[in-house]
Amino acid sequence: EAGVTQFPSHSVIEKGQTVTLRCDPISGHDNLYWYRRVMGKEIKFLLHFVKESKQDESGMPNNRFLAERTGGTYSTLKVQPAELEDSGVYFCASSPGQAEETQYFGPGTRLLVL
Amino acid sequence: ILNVEQSPQSLHVQEGDSTNFTCSFPSSNFYALHWYRWETAKSPEALFVMTLNGDEKKKGRISATLNTKEGYSYLYIKGSQPEDSATYLCASLSGTYKYIFGTGTRLKVLA
């Protein structure tokens, strides 16, 4: 069974540009989560989808971040326009059902904004 | 406490030593505690999901205990091996259904 995949693995962009990150969860997993880790800090929750609906987006830093999960399959996270402080590793995770179940993480996208 | 705190931040042990580290989390509205093992440039790998006070789980040489009343969990590694070198993360799930991660304990096992 394929795990959670993320694309791209790395992205280097200039301040003001737009970047779109993609996450493909494990097939059949209704729950999809986005997290971000800024260097040296803890992994922080961004948002949680249940199927195509946003269950909780309270961790999204500001309105430059837009997440979608059309059709309840893969998800995208767009940053527009990117700022220097957006640099970090963006992780996606999925789980099958209940919120307390094991989450399976993707390898992350390393974003560097110059 | 309101955050998830892990100690120590980093740890060096000799091969064969046993070691343990701590995760402290908010005890109110507790649902679950997750432990992950994370090697740089890889995905965090789930080790344990713990929900009940007094839970004790084991996976090979690694085990974990949970005290939900006082809000802490211990992770133990028996007979550490170089391949155990990684960052060990814990994450607490509370009534808001939002995971709060600690900053991790970086373990280096010296051969």
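All values derive from a computational prediction rather than experimental measurement. In what follows, every chain begins at residue 1, and chains take the letters A, B, ... in the order their sequences are listed.
- Residue B/Leu33: no heavy atom, backbone or side chain, is found under 4.5 Å from chain A.
- Heavy atoms from other residues, nucleotides or ligands lying under 6.0 Å from NZ of B/Lys57 number more than 12.
- Residue B/Pro44 comes nearest to A/Gly106 through the heavy atom pair CD-O, 4.1 Å, listed as atom of the first residue, atom of the second, then distance.
- From B/Phe101, atom CZ reaches atom CZ of A/Phe91 across 9.0 Å, with rounding to the nearest 0.5 Å.
- Contacts between B/Tyr36 and chain A at a heavy-atom distance below 4.5 Å involve the side chain alone, from C-beta outward.
- The cluster map of Ile, Leu, Val, Met, Phe, Trp and Tyr, joined by side-chain heavy atoms under 4.5 Å apart, puts A/Phe105 and A/Met39 in different clusters.
- We find the SG-CD distance between B/Cys90 and A/Glu42 to be 11.0 Å, quoted to the nearest 0.5 Å.
- The environment of B/Phe30 atom CZ is dense: over 12 non-hydrogen atoms of other residues, nucleotides or ligands sit within 6.0 angstrom.
- Of all the listed residues (A/Lys44, A/Gln55, A/Lys41, A/Arg37), the one sharing the greatest number of non-hydrogen pairs under 4.5 Å with chain B is A/Arg37.
- Applying the 6.0 Å contact sphere to OH of B/Tyr76 captures more than 12 heavy atoms from other residues, nucleotides or ligands.
- A/His48 is not listed as a side-chain neighbour of B/Tyr99, based on a closest heavy-atom distance of 4.5 Å or more.
- Cluster annotation: A/Val50 and A/Tyr104 are assigned to distinct hydrophobic clusters (Ile/Leu/Val/Met/Phe/Trp/Tyr, side-chain heavy-atom contacts under 4.5 Å, transitive).
- Linking ILVMFWY side-chain heavy atoms closer than 4.5 Å, directly or via other members, places A/Phe7 and A/Tyr90 in two distinct hydrophobic clusters.
- Heavy-atom minimum distance, A/Arg110 versus B/Lys42: NH2-N, 4.4 Å.
- Among residues two or more places apart in sequence or in another chain, the side chain to side chain contact (heavy atoms under 4.5 Å, CB included) test is passed with A/Val79 by A/Val19, A/Arg64, A/Phe65, A/Ala82, A/Asp86.
- Of all the listed residues (A/Leu47, A/Ile43, A/Val89), the one sharing the greatest number of non-hydrogen pairs under 4.5 Å with chain B is A/Ile43.
- A continuous path of Ile, Leu, Val, Met, Phe, Trp and Tyr side chains, each step under 4.5 Å between heavy atoms, connects B/Trp35 with B/Leu11, placing both in one hydrophobic cluster.
- Heavy-atom distances place the side chain of A/Tyr35, and not its backbone, under 4.5 Å from chain B.
- For A/Lys54, the NZ atom sits in a packed shell: over 12 heavy atoms of surrounding residues, nucleotides or ligands are nearer than 6.0 Å.
- Closest approach of A/Glu101 and B/His34 over heavy atoms only: O-CE1, 3.1 Å.
- Residues of residues 103-111 of chain B lying within less than 4.5 angstrom of chain A, judged on heavy atoms, are B/Thr103 in numerical order.
- A/Leu21 and A/Phe45 fall into different hydrophobic clusters, where Ile, Leu, Val, Met, Phe, Trp and Tyr residues are linked whenever their side-chain heavy atoms come under 4.5 Å apart, directly or through other members.
- For B/Glu45, the CD atom counts as densely surrounded, since its 6.0 Å shell holds more than 12 non-hydrogen atoms of other residues, nucleotides or ligands.
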